[in-house]
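See below for the structure under consideration.
Keep in mind that this is a model prediction, so the values were computed, not measured. Just so it is clear: chains get the letters A, B, ... in the order the sequence lines come, proteins before strands, and each one is counted from 1.
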Amino acid sequence: MNNFSYSRATSVQNAVQRASTDKNAMFIAGGTNLVDRLKVFLDEPSQLIDVSRLEMKQLEPLASGGLRIGSLVTNTALADAPEVRRNYPMLARAILSGASQQIRNVATVGGNILQRTRCPYYYDTAFPCNKREPDSGCPALTGINRTHALLGASDQCVAVHPSDMCVALAALDAVVEVTGPKGKRQIPFGDFHRLPGNTPERDTNLEPEELITAILLPPLPFAKSGVYLKLRDRASYAFALISVAAAVDLAEEQIKDVRLAIGGVAHKPWRSQEAEQFLIGKAANAATFEEAAKIALQSAKPLAHNRFKVELAKRAIKRSLMLSAAGGVV
Amino acid sequence: MSKVMGAVNRKDGRAKVTGNATYAAEHQIPGLLHGYLVTASIGSGQIKSIDTSQAEKAKGVVAVFTHKNPPKIFKPSNNFISSKIYEARLPLSDAQVHYGGQIIGLVVADTFEQAKHAAHLVKVEYETQSPLTEFQKATFKEAPPFMGEELKFEKGNVATVNNAAVKIEATYTTTTELNAPMEPHAIIAQWQGADALTIYEPTQWVMGSQRTYAELFGLPAERVRIITPYLGGGFGSKAMPWPHGILCAAVARHLQRPVKVVLSRRQMTVNAGHRSETEQTIGLAAAADGKLMAIAHDVKSSTSPVDTFTEPCTRVTPVMYSAPNLRYAQELAIMNVGTPTFMRAPGENPGMWALESAMDELAWSLKLDPVELRLRNQTQEHQHQNLPFSAKHFTDCLKVGAERFGWKDRSRQVRSLLRDGQLVGWGMAGATFPALQGVATVKVRLLPDSTVHVLTAGNDMGTGAYTMVAGVAAETLGVSVEKVRVEMGDSQLPDGGMAGGSMMTASLAPAVIKACQDVLKSADCNDATDAWAALRQSGRAAFEATATSAPPEGEKKWAFQSWGAHFCEVTVDEEIGRLQITRWLSVMDIGRVMNAKTAASQVRGGVIMGIGQALMEECLLDPNIGYPVVYDLATYHFPSHADIPRIDVVFVGEPDLNFNLAGARGVGEIGITGVSAVIANAVYHATGKRIRSLPLTPEKLMADFRALTADETRDAQEMKELIASNKSHERVAGHSQNV
Ligand SMILES: Cc1cc2nc3c(=O)[nH]c(=O)nc-3n(C[C@H](O)[C@H](O)[C@H](O)COP(=O)(O)OP(=O)(O)OC[C@H]3O[C@@H](n4cnc5c(N)ncnc54)[C@H](O)[C@@H]3O)c2cc1C
């Protein structure tokens with residue numbers, strides 16, 4: 001770990017201002033991801049700007065009926081909030097399926113969104129990695145790639161985004177509210193994370209000097225029957241091989257509306273609008289859901305060791321849609 | 001001597017949970033320097049150049065060592081008797097890189113952070129060769145004997161058996177598994193001048209380490225002191241010095257300053273041992289009544305270029321089942337991987353995975369109850385050593401287990417049990433581990449303040465040895481356990497042997513009994529209360545006696561072995577490849593149970609570790625770069641609480657007095673044997689799918705998924721009825737032992 005200075009931001013403006021005068025500065029919130037990264041030389045900031053004491057801890061109802069989640073709300077607080085459990089159960093389930101109680105107690109919403117991939121090649125400087133060091137190569141392409149991406153990857157990077165919470169946020173059409181030197185802006189969740197393309201070093205469209213201040217959740221009445229299904233290598237404390245956030249809005253036996261997002265398959269939480277489009281107006285049954293799952297995975301490009309994830313994703317999608325159609329589980 | 005000690009709480013429990021038990025790396029030494037390892041980022045090749053200039057200039061750095069300026073180390077005799085190191089090649093001995101992550105340097109600085117930072121500044125250029133890391137591509141040759149034991153045997157002639165009713169042959173594999181103890185490998189080395197060395201290191205073998213470090217530095221053994229009061233698990237990987245320990249001690253001498261080195265979890269994936277990958281082919285031939293006519297067991301495993309370690313899987317072949325024709329052989333390949341080593345039940349664990357899976361396959365082929373198949377084929381003698389077993393209650397393990405589990409109510413078809421839409425399966429398998437005993441010396445002192453002091457260099461690696469020693473002393477002297485103070489894990493104490501091979505209890509307990517008896521004899525008293533009174537009257541400081549236990553005299557007459565059986569239930573959500581273990585019962589015959597509580601904990605720990613092997617543990621190596629792609633305990637998966645059901649443990653059998661005075665055979669390793677086979681057998685029962693390669697990951701469980709047909713669903717027995725008719729699994733775990 002290199003030497004860096006550490007100081008607490010006094011306000012949102014103060015944090016942004018300081019970040020914009022030092023391009024090697026980094027914000028730190030809960031520190032559960034960043035400190036781990038510092039310890040293995042993945043980031044070498046000149047200074048850490050601690051934003052964890054700023055006034056961004058509120059969870060407030062929006063006039064529209066949705067929720068405004070301050071970026072410092074802890075993962076635990078968000079998952080435990082009655083309005084989240086009631087109205088967005090998939091979000092509560094997604095958060096509780098991740099990390100451990102101790103980590104969730106300090107991890108923040110803003111930090112969760114910005115956590116970086118757990119690709120083992122990225123994580124150890126002994127390996128080359130385009131994400132860590134542009135143009136050094138991607139050993140995962142020809143190495144061990146069991147947990148890597150199926151969708152939207154490039155020949156530069158096949159890493160996946162590790163967050164569970166983000167899969168639910170993608171399905172729920174969340175909006176990321178940020179403040180930069182030029183003021184506030186809102187980024188729809190689907191535009192927040194990036195696909196790797198030729199710039200795998202960039203995970204998101206957030207500028208380095210921009211601070212996430214809140215997440216906005218629009219109202220979505222049928223999210224009450226939403227589900228989050230996470231499949232992994234052990235029953236707890238493991239990142240997803242495949243995860244699915246799904247909610248189905250039924251009128252009689254017909255699908256009126258639907259949300260579907262998949263985790264563990266791409267460089268970003270993968271919202272499958274094509275599958276959603278297909279489902280609308282169809283009868284809610286196993287055959288329809290199976291077809292939708294096929295559509296969601298039709299552009300999958302499996303690697304040597306992750307072929308099983310294509311089939312697993314399809315089955316998880318079908319299962320999740322079935323569960324939500326049956327009323328969901330919390 | 002003939003009664004069970006009962007369930008005694010750990011003597012060291014309070015110290016451990018309150019943080020008062022000091023582990024090696026926690027010792028506070030004035031002037032301590034911190035070392036951080038520099039490791040190779042290629043899997044095979046030569047170091048062309050190594051530039052340490054930036055590291056040397058970094059703040060706080062005291063020295064940087066590489067193969068260009070290695071500290072002085074003598075080559076030890078390395079033969080287990082006088083000295084033994086895990087890796088025959090000494091650290092920094094040349095520019096060769098034999099495996100990814102190999103130690104190629106050590107940076108020493110004032111703080112840990114400075115050393116780590118500077119280690120990152122060392123620039124290395126390599127001449128890279130393509131590493132051999134893929135088992136399938138390796139060249140295998142006949143394996144050498146394992147610690148003097150031939151891994152090759154044949155009786156009768158397996159090839160000529162052609163009148164069998166059923167023959168099966170199948171190949172079973174296991175992956176590279178890490179010992180991954182909770183306490184990382186760590187060492188503090190402190191020299192007193194040039195010829196006296198004190199080492200704080202978690203070692204399972206204090207006296208072995210003492211002799212070995214002494215040879216490494218050309219000192220008489222008594223000039224080296226090893227201090228290991230506590231160990232946070234080793235599972236075989238902490239019995240001898242590894243390169244990082246040797247290097248740390250050498251550098252501490254060179255600098256004449258105390259130095260500490262702690263391995264990171266990342267470094268522990270290559271520099272602290274692992275269980276080698278294995279591939280085992282088992283052939284079984286049986287008559288229609290299930291009697292085995294032939295057993296053939298062929299094993300492949302791998303080792304590193306710098307030491308020879310064979311995973312001795314075939315040690316189980318001659319002990320489990322009797323067959324007139326029996327053959328086994330092992331082959332070994334050299335690969336560019338870190339040096340493999342002992343890992344909980346080395347050999348027996350993968351060996352039982354293959355053998356007990358194959359027995360299950362045979363039972364299904366014969367349409368015979370797998371419990372019955374095992375009962376019919378037990379052997380009363382070790383078929384390689386030609387010795388009868390001193391005591392064998394495998395029958396009780398099987399029968400008591402079957403009875404308690406409700407085995408007779410099992411369904412006789414695969415894919416025939418359902419619960420909440422998921423397939424349910426039951427499985428069983430045997431367990432075994434040899435009983436070993438070393439030479440151990442114990443000193444017992446009766447003190448005038450009515451306490452007892454027991455001293456030995458043998459140590460407690462977290463298993464409960466402190467408690468066992470205190471219990472045995474208390475029982476022999478007729479005092480309460482609280483009166484006994486035990487001091488262990490220091491080479492200045494009498495040689496207590498090795499905490500390995502499940503032999504600490506067997507080695508220490510008889511010595512404790514003898515020393516206690518001798519102390520009473522010397523005081524001419526029948527119990528401690530009288531002796532204390534006599535002592536106070538005499539005005540002496542203490543009555544004391546030292547006694548040594550030795551391997552059993554009966555060694556030429558008997559083979560000593562422990563036995564067990566596991567039963568489990570799994571549910572499989574086949575569509576999404578998800579498995580849950582829902583019920584577990586282990587029945588063990590380990591001779592006398594010295595402490596029902598810690599013994600059951602050892603079995604449970606073994607079962608949990610076995611569940612890890614069965615379901616998730618896998619240290620994958622990048623095939624091109626030759627370095628593991630797991631880097632911490634979040635990427636090297638072992639079971640979380642949510643993966644583990646309640647584990648019921650029952651003991652059967654009786655004290656094995658042919659073996660030693662205590663009748664105890666040890667219990668550290670047997671629990672893990674057979675575990676992965678039980679689970680795979682249960683998965684077969686649930687799904688009809690025989691999985692022969694570990695771990696049973698989602699992709700294997702979900703492969704070829706097909707939904708139950710309408711007929712199957714109709715025929716499947718709902719587990720609710722079955723459970724209602726069988727309450728036996730609800731019984732509280734008993735510790736029944738007929739003693
Ligand atoms: C062992 C382990 C297991 C885990 N398992 C899971 C899992 O299964 N599923 C899962 O989803 N997650 C998992 N996590 C990740 C965990 O959810 C994240 O570490 C956590 O959410 C990050 O939050 P934080 O506040 O600690 O972020 P920090 O570590 O403080 O920051 C993370 C990043 O965000 C930036 N940042 C933080 N706040 C802001 C802000 N307001 N504006 C702009 N930038 C900001 C920081 O600069 C940094 O780059 C695991 C973590 C660990 C350590």
Side-chain angles (χ1 to χ4, degrees), chain A residues 1-3 36 38-41 44 97 99-100 103 118-128 137 139-148 162 229-242 244 286 304-320 322, chain B residues 39-43 58-59 100-101 113-114 116-117 119-121 124 264 266 269 573-581 611-612 615-618 620-635 637-644 695 697-705 707:
Chain A
M1 196 183 304
N2 64 317
N3 281 331
D36 279 0
L38 295 178
K39 286 197 281 196
V40 288
F41 308 99
E44 299 191 310
S97 74
S100 67
I103 292 169
R118 300 287 167 151
C119 171
Y121 297 97
Y122 165 73
Y123 233 84
D124 190 330
T125 55
F127 293 121
L141 279 172
T142 50
I144 304 287
N145 44 38
R146 176 173 178 265
T147 57
H148 289 75
L229 176 65
K230 178 173 178 179
L231 305 177
R232 45 185 152 175
D233 283 322
R234 62 179 161 193
S236 174
Y237 203 46
F239 288 95
L241 288 167
I242 292 291
V244 177
H305 305 122
N306 68 0
R307 188 165 291 276
F308 78 99
K309 292 211 308 182
V310 178
E311 186 58 28
L312 190 59
K314 288 184 196 165
R315 295 178 189 179
I317 290 170
K318 176 183 153 202
R319 174 72 64 90
S320 305
M322 301 269 278
Chain B
T39 55
S41 62
I42 62 161
K59 191 166 169 228
E113 289 75 15
Q114 288 167 340
K116 185 175 178 182
H117 179 67
H120 190 61
L121 298 175
V124 190
S264 67
R266 180 50 162 148
T269 63
D573 191 334
E574 209 182 16
E575 184 174 25
I576 54 173
R578 191 151 67 181
L579 179 153
Q580 188 76 42
I581 300 170
I611 291 174
L615 302 184
M616 61 196 84
E617 290 191 42
E618 187 166 26
L620 288 166
L621 259 72
D622 178 274
N624 308 305
I625 304 171
Y627 198 23
V629 296
V630 301
Y631 51 86
D632 60 13
L633 296 185
T635 46
H637 293 134
F638 50 61
S640 66
H641 283 285
D643 294 288
I644 304 298
T697 46
E699 56 263 52
K700 294 175 195 167
L701 293 166
M702 69 179 278
D704 319 317
F705 163 73

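- At a threshold of 4.5 Å between non-hydrogen side-chain atoms, the residues B/Arg578 and A/Leu229 count as touching.
- Heavy atoms only, all atoms of each residue included: B/Pro623 and A/Thr142 are closest at CG-O, 4.2 Å.
- Taking OH of A/Tyr121 as the reference point, atom OH of B/Tyr627 lies at 12.5 Å (rounded to 0.5 Å).
- Both the backbone and the side chain of A/Ile144 come within less than 4.5 Å of a heavy atom in chain B.
- The NE2 atom of B/His637 sits 8.5 Å away from the CZ atom of A/Phe239 when rounded to the nearest 0.5 Å.
- Contact detail for B/Met616 and A/Asp233: the closest heavy-atom pair is CB-O, 3.7 Å.
- Between A/Phe308 and B/Thr697 there is no side-chain heavy-atom pair separated by less than 4.5 Å.
- Between B/Ile625 and A/Pro139 the shortest heavy-atom distance is CD1-CB, 3.8 Å.
- Summarising the geometry, atom CD belonging to B/Glu617 is positioned 9.5 Å from atom CZ belonging to A/Arg234; distances are rounded to the nearest 0.5 Å.
- Distance check, rounded to the nearest 0.5 Å: CG of B/Leu121 to CG of A/Asn2 gives 10.0 Å.
- Between B/Tyr631 and A/Tyr123, the ring planes lie parallel to each other; the angle is under 30°, not in the 30° to 60° tilted range.
- Proximity to chain B is absent for every atom of A/Thr147, based on heavy atoms less than 4.5 angstrom apart.
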Step-by-step side chain to side chain contact (heavy atoms under 4.5 Å, CB included) determination, A/Arg319 to B/Asp573: CA-CA 11 Å; A/Arg319 174 72 64 90; B/Asp573 191 334; 2.7 Å; yes
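- By number of non-hydrogen pairs under 4.5 angstrom with chain A, the leading residue of B/Gln580, B/Gln114, B/Lys116, B/Lys59 is B/Lys116.
- Looking at B/Leu633, the atoms closer than 4.5 Å to chain A (heavy atoms on both sides) all sit in the backbone: N, CA, C or O.
- Remark: A/Ile317 CD1 to B/Ile576 CD1 distance equals 13.0 Å, nearest 0.5 Å.
- For B/Asp643, the parts sitting under 4.5 Å from any heavy atom of chain A are the backbone and the side chain alike.
- With hydrogens and angles ignored, the 3.5 Å screen pairs a side-chain donor or acceptor of A/Arg315 with a backbone N or O of B/Glu575.
- The closest side-chain heavy-atom distance from A/Leu241 to B/Pro698 is below 4.5 Å.
- Of the atoms belonging to A/Ile242, not a single heavy atom falls under 4.5 Å from chain B.
- Closest approach of B/Glu699 to A/Arg146, counting heavy atoms only: OE2-NE, 2.6 Å.
- Only the backbone of B/Pro628 comes within contact range of chain A, judged by heavy atoms closer than 4.5 Å.
- Looking at B/Ile42, there are no atoms closer than 4.5 Å to chain A (heavy atoms on both sides), in backbone or side chain.
- One finds the NZ atom of A/Lys39 at 9.5 Å from the CD atom of B/Glu113 (value rounded to the nearest 0.5 Å).
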